[in-house]
Amino acid sequence: MTSVFKPLALSLALAAAFPSSTVFAQTAAVGAASSVVITAGRQAQAAKDVLADNVVITAEEIAKSGAASIVDLLQQQRGIEITRNGGPGTSSSVFLRGGNNAQNVVLIDGVRIGSSTTGGASWSSIPLSQIDRIEVVYGPLSSLYGADAMGGVIQIFTKKGTGVLTPTVSAGLGSYGTRKLQAGIFGSVASNLSLSLNAGHEESDGFSATKPGVGSSYNADKDGYKMDSFNGRLVWEISKGFELGASVLRSRNDAQYDSGAAKDDHNIGTLETIAIFGRGKFTDYWSASLQYAQTADKGFSTGFGSSQIDTRQNSVSFQNDIRIGKDVLQLIAETREENVDSVSAGSATEGINGAKRTTNSFAASYVFKQDAHLASASIRNDRSSQYGSNTTGSVAYGYRFTDALRVNASYGTSFRAPTFNELYYPGYGVASNKPEKAKNAEIGVYFEQGDTQLSAVYYQNKATDLLVYVSGNDPQGKAYCPNTPNYAFGCAHNVNKATLSGLTVGGTTRFADLTLRASIDIQDPRDDTANKRLARRSKQHGTLAAEYAFANAKVGVESIYSGDRYDDAANLRKLGSYNLLNLYGTYEVAKNTTVLARWNNALNKDYELARNYATAGSNVFVGVNYGFK
């Protein structure tokens, strides 16, 4: 057996021997936080009652991960692949179950973020130093969250606290001149008033983002980044069961990239969110929440002629939860306005600058729980001023054979709204483009008993009307693109079909002080129109890890494996498979004070996530954390 396939075989063997739950906590014990999942049903649910496949990344896992970015952290999870044009801080994408970056919804504390021009979240602008917990829910959730929830939803929960006002500080140094510093204070300033303030700074000298094979863009200089971030939250309990609050998050990432041998170009990404919210329990059976939020995704680039592209979203969400015995009826009304300001080389970009649209949404869901039976159903209508009305729905059923063994089955529809680039960008967008649509069916088996858990899920997601770059005519001879000089080379058009199918298996168990975990994804993300594998997606990827705890310390080893991928839609440029080995250790030197040492890519594997773009070699990180775990 070759060294490439050994990690895959070991992952399969461990996944079969050591089962994992739907909440793949990756720790020996499942704490109170990880036993509750919020994102799957827009309400707090016990993990054992959640019918959607999901992963929860806890604060402890984030602290000991030593990850350079949120993308590196997500790469360690099942069902997720990443791509990046260089090191931390550079342009990145996250793929859930073979879907692309624009086919996921990303939330921060319930507020949707992302770019309305490119689609999907700008991952390089999301500061890991502000994150306390992450929930990843797989599968179509458009019936709860609307447009773009085709592959799943990733919700990020920022750091916050209750009880006595407590400070937290962390600092670290690593390879490539990496420096990180974070400080915050969390807790109650009065019996009915809680406060969270957290600031972070990180920077790295980096390494060259490109390799010589990239061509004229190659520059051998180092491409580093600097990120500053701040998060604040204030919650006032007006009376028992009623509270008002406000939150704000801002981060600015200044990342270097290569666009020529003698150039020092920068991408400066800014992420801003502001939310004001109120929650109330009006009776024993009815509670409601109201939230107003503003988000901004701003990007400034100095290369190839400077450009500034800002997208803004304003949203209002009103949610009602009505308890009927053990069941919950949920009624949701939302409105969201998107706006774009675009300037290229000092002048407004014709067509896309000033573009806007409004989407009004209504949704209803019902969660049923009776003895061994679990079920849910949801329906939602999104009516856009630009692309019209879209109705999506989902049904799911679960049955407990025993307290430990459960089987789930579900079916759901979803859609992705065309981005402003696909609608209006000069020489590319077409205003008549329609949303992408998908139908997903899956079945899963879940086992949990003590410290041993297992999850195995098979899914098939069939997508139609996919927006791709085309030229020429359709099979009936009609031109795909408008007959004007601006579209001489092609345009975005609803042409392709795709099938995203696969089996994802995860397992974890503990023998005394030894914890073992593994996962494997065997998938076939295929463009049915061209009969090609979707770009930058493998047919198998997996993880394998072991952690040993003794006294006040823990030591661990992790392996991340990915099969080969193609860098292009035509499947002509192959990216090789890779296996990364990471080592780490933590030691609690005093109460609430922990030291972390981590050695990533210990075998110095040379691999690519994008053709002719570099990735980090063997690197180390050492840090100390006081306060939160």
Is the closest side-chain heavy-atom distance between [X] and [Y] below 4.5 Å?
{"X": "Val495", "Y": "Tyr480", "value": "yes"}
{"X": "Asn494", "Y": "Leu466", "value": "no"}
{"X": "Leu514", "Y": "Glu547", "value": "no"}
{"X": "Gln155", "Y": "Val111", "value": "no"}

How long is the span from the [atom1] atom in [X] to the [atom2] atom in [Y], to the nearest 0.5 Å?
{"X": "Leu74", "Y": "Ile80", "atom1": "CG", "atom2": "CD1", "value": "4.5 Å"}
{"X": "Leu596", "Y": "Phe621", "atom1": "CG", "atom2": "CZ", "value": "6.5 Å"}
{"X": "Asn461", "Y": "Ser414", "atom1": "CG", "atom2": "OG", "value": "5.5 Å"}
{"X": "Leu141", "Y": "Asp148", "atom1": "CG", "atom2": "CG", "value": "12.5 Å"}
{"X": "Lys554", "Y": "Tyr584", "atom1": "NZ", "atom2": "OH", "value": "8.0 Å"}
{"X": "Phe157", "Y": "Leu107", "atom1": "CZ", "atom2": "CG", "value": "8.0 Å"}

Polar side-chain atom of [X] near backbone of [Y] as donor-acceptor pair, under 3.5 Å:
{"X": "Thr419", "Y": "Thr117", "answer": "yes"}
{"X": "Gln103", "Y": "Asn100", "answer": "yes"}
{"X": "Asp382", "Y": "Ser361", "answer": "no"}
{"X": "Asn253", "Y": "Gly89", "answer": "yes"}
{"X": "Gln330", "Y": "Gly41", "answer": "yes"}
{"X": "Thr615", "Y": "Tyr607", "answer": "yes"}
{"X": "Asn582", "Y": "Glu558", "answer": "no"}
{"X": "Gln45", "Y": "Val37", "answer": "no"}
{"X": "Thr413", "Y": "Gly393", "answer": "yes"}
{"X": "Ser125", "Y": "Leu271", "answer": "no"}

Full working for salt bridge (charged side-chain N to carboxylate O under 4.0 Å, His left out) between Asp528 and Lys497: CA-CA 5 Å; Asp528 294 333; Lys497 298 180 180 180; over 6 Å; no

Distance-minimising heavy-atom pair for [X] and [Y]:
{"X": "Asn101", "Y": "Val94", "result": "OD1-N, 3.0 Å"}
{"X": "Ala147", "Y": "Val105", "result": "O-CG2, 3.4 Å"}
{"X": "Arg565", "Y": "Glu608", "result": "NH1-O, 3.1 Å"}
{"X": "Leu467", "Y": "Pro418", "result": "CD1-CB, 3.8 Å"}
{"X": "Asn619", "Y": "Trp599", "result": "O-CD1, 3.4 Å"}
{"X": "Asn604", "Y": "Gly617", "result": "OD1-CA, 3.4 Å"}

If you apply the rule side-chain contact (heavy atoms from CB on, under 4.5 Å), what do you find for Gln523 with His541, and how did you get there? CA-CA 9 Å; Gln523 61 182 15; His541 57 95; 3.9 Å; yes

Test side chain to side chain donor-acceptor pair (under 3.5 Å) applied to Ser142 and Thr392, step by step: CA-CA 6 Å; Ser142 285; Thr392 52; 5.0 Å; no

Do you see a donor-acceptor pair shorter than 3.5 Å between the side chains of [X] and [Y]?
{"X": "Thr499", "Y": "Ser501", "result": "no"}
{"X": "Ser378", "Y": "Ser143", "result": "yes"}
{"X": "Thr158", "Y": "Asp109", "result": "yes"}
{"X": "Ser93", "Y": "Trp123", "result": "no"}
{"X": "Thr210", "Y": "Asn612", "result": "no"}
{"X": "Ser91", "Y": "Arg84", "result": "no"}
{"X": "Thr504", "Y": "Asp521", "result": "yes"}
{"X": "Asp297", "Y": "Ser122", "result": "yes"}
{"X": "Asn601", "Y": "Ser618", "result": "no"}

Test Thr39 against Leu144 for side-chain contact (heavy atoms from CB on, under 4.5 Å), laying out the working first. CA-CA 10 Å; Thr39 309; Leu144 287 177; over 6 Å; no

Could you go step by step and tell me if Ile131 and Ile70 meet the side-chain contact (heavy atoms from CB on, under 4.5 Å) rule? CA-CA 9 Å; Ile131 299 174; Ile70 185 174; 3.7 Å; yes

Side chain to side chain donor-acceptor pair (under 3.5 Å) assessment of Thr543 paired with Ser519: CA-CA 5 Å; Thr543 63; Ser519 71; 2.8 Å; yes

Steps toward salt bridge (charged side-chain N to carboxylate O under 4.0 Å, His left out) verdict (Arg400, Asp49): CA-CA 10 Å; Arg400 298 186 189 279; Asp49 295 335; 2.6 Å; yes

Partner of Asp567 by salt bridge (charged side-chain N to carboxylate O under 4.0 Å, His left out), out of Arg611, Arg536, Lys574: Arg536

State which residue, out of Asp564, Asp527, Asp524, fulfils the salt bridge (charged side-chain N to carboxylate O under 4.0 Å, His left out) condition with Arg533. Asp564

Start with the C-alpha distance between Leu581 and Val557, add both sets of side-chain angles, then the distance that settles side-chain contact (heavy atoms from CB on, under 4.5 Å), and finish with yes or no. CA-CA 7 Å; Leu581 180 68; Val557 56; 3.5 Å; yes

Between Arg416 and Glu422, does the salt bridge (charged side-chain N to carboxylate O under 4.0 Å, His left out) criterion hold? Intermediate values first, please. CA-CA 12 Å; Arg416 179 181 79 83; Glu422 292 163 336; 3.0 Å; yes

Evaluate the salt bridge (charged side-chain N to carboxylate O under 4.0 Å, His left out) criterion for residues Lys211 and Asp606: first the C-alpha distance (whole Å), next the side-chain angles of each, then the deciding distance (0.1 Å), finally the verdict. CA-CA 12 Å; Lys211 297 181 176 181; Asp606 183 13; 3.4 Å; yes

Under the 6.0 Å and 45° cation-pi test, does Arg380 pair with Tyr145? no

Honestly, is Arg573 close enough over Tyr566, meaning NZ or CZ under 6.0 Å from the six-membered ring centre and within 45° of the axis? no

For the residue pair Tyr428 and Tyr469, categorise the inter-ring angle as parallel (less than 30°), tilted (30 to 60°) or perpendicular (more than 60°). parallel

Fit a plane to each ring of Tyr399 and Tyr397, take the angle between them on a 0 to 90° scale, and name the class: parallel (under 30°), tilted (30 to 60°) or perpendicular (over 60°). parallel

What do you reckon, is CD of Gln460 surrounded by more than 12 foreign heavy atoms closer than 6.0 Å? yes

